Amino acid sequence: MFDALQSASGLLAVAALVMAVAALIVAWSRSRPATPAAPAPWTADDPILDQLLASQMQRLDGVADELLAQGARVRAMESAARHSVQRVGLVRYNPFEDTGGNQSFALALLDADENGVVLTSLHSRQATRVYLRTIVAGRCEAALSAEEAEALRQAGVSVAG
């Protein structure tokens, strides 16, 4: 989703820049003589030319302001997205002989900096137990089960052991 927002913001900025360049080209082409021998349609003191140039400069300033605002929004979204869940790993398994269907799981949820959690659920006929392990920079202080380590690997974290 972030890529779509970033792509839309980038396209808006490019579209605004293209519109500004097109406006300058139109203004320039209107100010050029129709033929080399023809007299210039405006003189340096022409109020119509002054008004046209002032209008175009105002539009260009508006486009520049919008481009700066879009850049600030993109930077804010990039910063916020860095802390959102970006890496996910899921391992389903059956740790006990008396249950079936791989109802137990280890789920790794991490941000771009490999910070997050591994949520583990162990399901048996008598009870379901849930464990949560904090992950900081791809490391956990507690020992990980093989399934939890695999969930981290699936999330793109290099796990020692």
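Values in this document were obtained by computation on a predicted structure and should not be read as measured data.
A salt bridge is absent between R75 and E78; no separation between the charged side-chain nitrogens and carboxylate oxygens falls under 4.0 Å.
Residues H123 and T128 bring a donor and an acceptor atom of their side chains to less than 3.5 Å of each other.
Hydrophobic cluster membership is shared by V130 and V88, with clusters built from Ile, Leu, Val, Met, Phe, Trp and Tyr side chains linked at under 4.5 angstrom. Hydrophobic clustering places L90 together with V85 (ILVMFWY residues linked when any side-chain heavy atoms are closer than 4.5 Å, directly or through intermediates). Grouping the Ile, Leu, Val, Met, Phe, Trp and Tyr side chains by contacts below 4.5 angstrom, directly or via other members, places L110 apart from L107. Under a hydrophobic-cluster definition in which Ile, Leu, Val, Met, Phe, Trp and Tyr are linked whenever side-chain heavy atoms come within less than 4.5 Å, directly or via other members, I25 and L52 are assigned to different clusters. L109 and L152 end up in different hydrophobic clusters when Ile, Leu, Val, Met, Phe, Trp and Tyr side chains are linked at under 4.5 Å.
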Show every donor-acceptor pair shorter than 3.5 Å between a side-chain atom in residues 114-121 and any protein atom, with sequence neighbours excluded, or say none if there are none.
from: E114; atom 1: OE2; to: R87; atom 2: NH1; distance (Å): 3.2
from: N115; atom 1: OD1; to: A137; atom 2: N; distance (Å): 2.6
from: T120; atom 1: OG1; to: E148; atom 2: OE2; distance (Å): 2.6

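Applying the salt bridge (Lys or Arg N to Asp or Glu O under 4.0 Å) test to R73 and every residue at least two apart in sequence or in another chain returns E66.
A donor-acceptor pair under 3.5 Å is absent between the side-chain atoms of E141 and the main chain of T134, judged by distance alone. In this structure, the side chain of D111 does not engage the main chain of S84 through any donor-acceptor pair within 3.5 Å.
L144 is listed as a side-chain neighbour of R133, based on a closest heavy-atom distance under 4.5 Å.
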